[in-house]
J.: 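Below you will find the structure I want to go over with you.
The figures that follow rest on heavy atoms only: side chains count, while hydrogens, waters and symmetry mates do not. Remember, predicted model here, so these are calculated numbers, not experimental data.
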Amino acid sequence: MKTIILSALTALIATSSIIAQNDTPAWAKETKEQKEKRMEWWTHDRFGMFIHWGIYALPGRHEWVKQRERISDEAYQKYFDHFDPDLYNPEEWAAKAKEAGMKYVVVTTKHHDGFCLFDSKYTDFKVTNTPYKKDLIKPLVDAFRAEGIRIGFYYSLIDWHHPDFTYDRIHPNGPTDPDERKAANEKRDMKKYQQYLKDQLTELLTKYGTIDELFLDFSYPGENGKGHKDWDGEGLLKLIRQLQPNILVDNRLDLDHTNWGWDFVTPEQFMPTEWPAINGQRVPWETCQTFSGSWGYYRDEYTWKNVHQLIVMLIEVTSKGGNLLLNVGPTARGIFDSRANERLEGMGEWMKLHNRSIYGCTQAPDEFQKPDNCLLTYNPETKRLYIHVLEWPFNSLHLPGYKGKFKYAQLLNDGSEIRFRTQTQSSGSTSETSGADDVILTLPVRHPDAEIPVIELFLE
């Protein structure tokens, strides 16, 4: 993925209130209702698995290791020559994703180093030329589809291996002197690279059946950077729409100046304070997050989030109308790190009993005030409100202004009834903050057997 600087830029784009409304080309036109229908499965499912995997798993020092350490192509070749994930079992990966409650997967088909996990006829820098010799993507697609999980591809717009990809400010091997860089780039042709992008995306979008999401990564316009003109972003998106009309595409082609060049925005490694909006209109969004500080396998990374933090993250994203794409970085032998397995299992244990507070849910209507130490999600189809209790209170939970708004309450983990009463001064309340429209839930003293307890309210 990208640096923290780009994450800040993504945040600015995602929360910007100003966007130019260019004329929409004929091939990109659709009504608001048509787009909502196309995105219906995605806004329902809420939770997906990201997979960052490539030859950078061998050094095990971050997926940007080539750039961070300015490793030459010749030195980086040893990882290609030794890539042999002999324990790769995509059926096992798919089973873990399903158990965790994930409904879609997005896998890196090519990352910034240019290495392809599929058998592309347009490059030799691909998995079928490594000791492993086999396409990694086809069996993964088949395995996840067999579990009922939708398929998404990540594809890097950047390619530090391709001979026509021009040197720029983040290229690991280019000259640092501007004049030398300019001279070196005269031997490179971005027009040829644009065709390479189109050729490979044609392969990916025609060889593996229906692809539900495409995560293109990433643009960095400005001095000595690259943006939509460098990729031919409009031409690329037109091709993508022709090949897969229903596919969902992220906002990293640098077409943010349009209202048709993306389907959803992608805040990375941070939590928006509220549902992202453009021109005052809320937009679909998906935050991509890691278990730790790296996307690819990083052996010596120890800043791992615990299960509690990850569940709260999923709840908070849903409570703001968004999706969570949570990343796993498999090892060089093709298995999930034990730390990743532990967290997936923990999330799955919670999701097994609480997934209906996530699937099909979104931000609660404004009329429902969030109780202290709680997060709210809401299912508009079933008309149920979910109170996620982050800190279990003693005996009772105060719901301000909830009188007459729900008819029944229960703990979601076991379906046990929660009694409630209306808060009035006549009932003996001395709280200055209590009102006649407030409701008090009578809670068990003991914390329910759930990492994050959820109270389900059946609304009137």
J.: Just verifying a value: how many Å separate I358 CD1 and S319 OG, rounded to the nearest 0.5 Å?
T.: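 Between atom CD1 of I358 and atom OG of S319 there are 8.5 Å.
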J.: Would you call D337-R339 a salt bridge at under 4.0 Å N-O?
T.: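 Looking at R339 together with D337, the answer is yes, because their closest N to O distance falls below 4.0 Å.
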J.: Knowing that exactly one of Y154, W41, W42 qualifies, which makes a side chain to side chain donor-acceptor pair (under 3.5 Å) with E213?
T.: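 Of Y154, W41, W42, side chain to side chain donor-acceptor pair (under 3.5 Å) with E213 is met by W42 alone.
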J.: Going by an N to O cut-off under 4.0 Å, is there a salt bridge joining D86 and K133?
T.: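 Looking at D86 and K133, the cut-off is not met.
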J.: By side chain to side chain contact (heavy atoms under 4.5 Å, CB included), which residues pair with A184, not counting sequence neighbours?
T.: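 Checked A184 against side chain to side chain contact (heavy atoms under 4.5 Å, CB included); matches are Y167, P175.
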J.: Quick check, are the ring centers of W304 and F291 under 6.0 angstrom apart?
T.: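 Here the rings of F291 and W304 have centres that are less than 6.0 Å from each other.
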J.: Could I get the full list of side chain to side chain donor-acceptor pair (under 3.5 Å) partners for D81, not counting sequence neighbours?
T.: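 Here the qualifying residues are Q77.
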J.: Would you say D168's side chain and I170's backbone share a donor-acceptor pair under 3.5 angstrom?
T.: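 Here the side-chain-to-backbone pair exists.
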J.: Please list all pairs passing the side-chain hydrogen bond (donor to acceptor under 3.5 Å, both in side chains) test where one or both residues lie in residues 171-184, with sequence neighbours left out.
T.: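 Checked against side-chain hydrogen bond (donor to acceptor under 3.5 Å, both in side chains) - neighbours excluded - the pairs reaching residues 171-184 are K66-N173.
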J.: Between K110 and F115, is NZ or CZ placed under 6.0 angstrom from the six-membered ring centre and within 45° of the ring axis?
T.: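 No, K110 and F115 do not form such a contact.
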J.: Got a sec, which residues hit side chain to side chain donor-acceptor pair (under 3.5 Å) with T377, two or more places apart in sequence or on another chain?
T.: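 Once residues adjacent in sequence are excluded, the partners of T377 under the side chain to side chain donor-acceptor pair (under 3.5 Å) criterion are H388.
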J.: Looking at the rings of Y297 and W53, which for Trp means the six-membered one, are their centres under 6.0 Å apart?
T.: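 No, the ring of Y297 stays outside the 6.0 Å limit from the ring of W53, centre to centre.
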J.: Does E345 have any side chain to side chain donor-acceptor pair (under 3.5 Å) partners at least two apart in sequence or in another chain, and if so, which?
T.: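 E345: no side chain to side chain donor-acceptor pair (under 3.5 Å) contacts found.
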J.: Do the charged groups of D212 and R150 touch, with an N to O distance under 4.0 Å?
T.: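 A salt bridge links D212 with R150.
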J.: With sequence neighbours excluded, what pairs up with E203 under the side chain to side chain donor-acceptor pair (under 3.5 Å) test?
T.: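 For E203 the side chain to side chain donor-acceptor pair (under 3.5 Å) partners, ignoring immediate neighbours, are S120.
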J.: Checking the side chain of D164 only, and the main-chain atoms of M190 only, is there a donor and an acceptor separated by less than 3.5 Å?
T.: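 The answer is no, because no donor-acceptor pair under 3.5 Å joins these two groups.
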